[in-house]
Number of protein chains: 2
Amino acid sequence: MTGNTLKSESAELVVLSVLAEGAAYGYAITRDIAARSEGAFRLGPGQLYPLLSKLEKTGLVTTRWEEVKAGGADQDAPGRRRKWYEISPKGRKRLEQRVENHRRLTALVESFLAPGVREAEA
Amino acid sequence: MTGNTLKSESAELVVLSVLAEGAAYGYAITRDIAARSEGAFRLGPGQLYPLLSKLEKTGLVTTRWEEVKAGGADQDAPGRRRKWYEISPKGRKRLEQRVENHRRLTALVESFLAPGVREAEA
DNA sequence: GTTAGACATATCGACTTTTGATATATCTGA
DNA sequence: TCAGATATATCAAAAGTCGATATGTCTAAC
């Protein structure tokens, strides 16, 4: 098992959870998720950035750009840019709902897993 | 919330779980899942039958047809047909793997949900 | 006896999602 | 100098999803 893709619903849940612990930028979120899951969860750029855009558009996160100043000589040159994402109050509410829903669904799936043996009907 | 669609991975897990308790036919599986989840899980024909075909093709279940004799007069008329699905030993092994995997992933998602608060990095 | 609705299997196509590839550009360390 | 990590973002091909549709049987109500 080299790693599981996060399905979009779980992806939103996990990303909002990460952001609930503090603001972060896209690349850091990817790294964070991979590291904390020991490589079990992968969230590629093709999934991450559209998701973050959606969160921004729907007001679940707020954003701001950071100009990363390099250690090099030219301090006036335009540096690398980071887009920071911060969870909003609306985002926290959504996260709560998502967590609740996720747990409810998980419990429901679990309820199918190891019940008593039913007689074969034929 | 009127009902959640089962994602294909969960769908296989749940269907195999239902079949692990005894043979069943398609329509009964749909009803069973809807009833046991109190309508929370829905598995439409467009999802169910392709899934059952796949399970059959890959040897996870075995099948046989049943001719349902009507209570009516003409006992020679071709009646309604049911296709019964029975889980195979290979299917039981697959189910065990799926259950294990599902629990591992669920625990992993859960591990993202309520950890300590991290300092905002900027 | 007719008919509405449940029973039963199955496929189809429009729609959405997924994911690797690609693009662009910067920074760091060997 | 140059490979590889950092950083954001889009695209299109492939895969997956799901309601609608098709076909036919059976039962219970009227």
Side-chain angles (χ1 to χ4, degrees), chain A residues 2-15 23-35 41-57 61 63-85 121-122, chain B residues 2-15 23-35 41-57 61 63-85 121-122:
Chain A
T2 49
N4 296 275
T5 293
L6 276 169
K7 302 301 170 197
S8 64
E9 227 169 297
S10 298
E12 185 181 306
L13 180 62
V14 167
V15 166
Y25 54 93
Y27 194 79
I29 294 172
T30 299
R31 260 199 280 102
D32 196 27
I33 289 175
F41 287 156
R42 274 174 302 122
L43 198 63
Q47 241 193 309
L48 178 69
Y49 292 107
L51 170 57
L52 289 174
S53 289
K54 195 192 92 187
L55 296 179
E56 185 181 5
K57 271 178 206 145
V61 301
T63 64
R64 68 187 166 76
W65 283 97
E66 175 196 14
E67 301 294 329
V68 183
K69 287 298 169 193
D74 191 352
Q75 290 297 309
D76 289 337
R80 184 188 289 162
R81 302 166 80 228
R82 281 177 186 152
K83 192 172 184 181
W84 286 82
Y85 295 84
E121 283 171 32
Chain B
T2 50
N4 296 275
T5 293
L6 278 168
K7 301 302 169 197
S8 65
E9 226 169 297
S10 299
E12 185 182 306
L13 180 61
V14 168
V15 167
Y25 55 94
Y27 194 79
I29 294 172
T30 298
R31 260 199 280 102
D32 197 27
I33 289 174
F41 287 156
R42 275 174 302 124
L43 198 61
Q47 241 193 309
L48 178 69
Y49 292 107
L51 170 58
L52 288 174
S53 290
K54 196 191 92 188
L55 295 179
E56 187 182 3
K57 271 178 205 144
V61 300
T63 64
R64 68 187 166 77
W65 283 98
E66 175 196 15
E67 301 295 329
V68 182
K69 286 298 168 192
D74 192 353
Q75 290 298 310
D76 288 338
R80 184 187 288 161
R81 302 165 82 226
R82 281 179 186 149
K83 192 172 184 181
W84 287 82
Y85 296 84
E121 283 170 33

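Naming: A, B, ... by sequence-line order, numbering from 1 per chain.
Using a 4.0 Å heavy-atom cutoff across all strands shown, B/Gly26 reaches sugar-phosphate atoms only and no base atom.
Checking D/dT10, C/dA10, C/dG20 against the side-chain heavy atoms of A/Arg42 singles out C/dG20 as nearest. Across D/dT6, D/dA9, C/dC7, the shortest atom-to-atom separation from the side chain of B/Arg80 is found for C/dC7.
With rounding to the nearest 0.5 angstrom, the OH atom of A/Tyr25 is 16.0 Å from the OG1 atom of A/Thr63. Residue B/Lys54 holds its NZ atom at 4.5 Å from CD of B/Glu12, rounded to the nearest 0.5 Å.
In this entry the distance linking CZ of B/Arg31 with C1' of C/dC7 reads 8 Å, nearest Å. Atom CH2 of B/Trp84 and atom P of C/dC7 are 14 Å apart (whole Å). Taking atom CZ on A/Arg82 and atom P on C/dT26, their separation rounds to 15 Å, with Å as the unit. Distance CG (B/Leu52) to P (C/dT9): 9 Å, rounded to an integer number of Å. For the pair B/Trp65 CH2 and C/dA8 P, the computed distance is 12 Å after rounding to whole Å. With rounding to whole Å, A/Tyr27 atom OH is found 19 Å from C/dT24 atom P. The distance from atom CD of A/Gln47 to atom P of C/dT17 is 11 Å, rounded to the nearest whole Å. For the pair A/Asp32 CG and D/dA7 P, the computed distance is 13 Å after rounding to whole Å.
Between the side chain of A/Gln47 and the backbone N or O of A/Leu6, at least one donor-acceptor pair lies under 3.5 Å.
At the phosphate of C/dA10, neither OP1 nor OP2 sits under 4.0 Å from any side-chain N or O atom of B/Ser53. Side-chain nitrogen and oxygen atoms of B/Tyr25 include at least one within less than 4.0 Å of the OP1 or OP2 phosphate oxygen of C/dA8.
The residue among A/Lys7 and A/Pro45 whose nearest nucleotide of DNA chain C is located toward the 5' end is A/Lys7. Mapping A/Arg81 and A/Gly46 onto DNA chain C by nearest heavy atom places A/Gly46 at the nucleotide closer to the 5' end.
Within the 4.5 Å cutoff, the side chain of B/Ile29 has heavy atoms near those of the B/Leu52 side chain.
Tested against A/Lys83, the residues A/Glu66, A/Arg64, A/Glu56 include a single side chain to side chain contact (heavy atoms under 4.5 Å, CB included) partner, A/Glu56.
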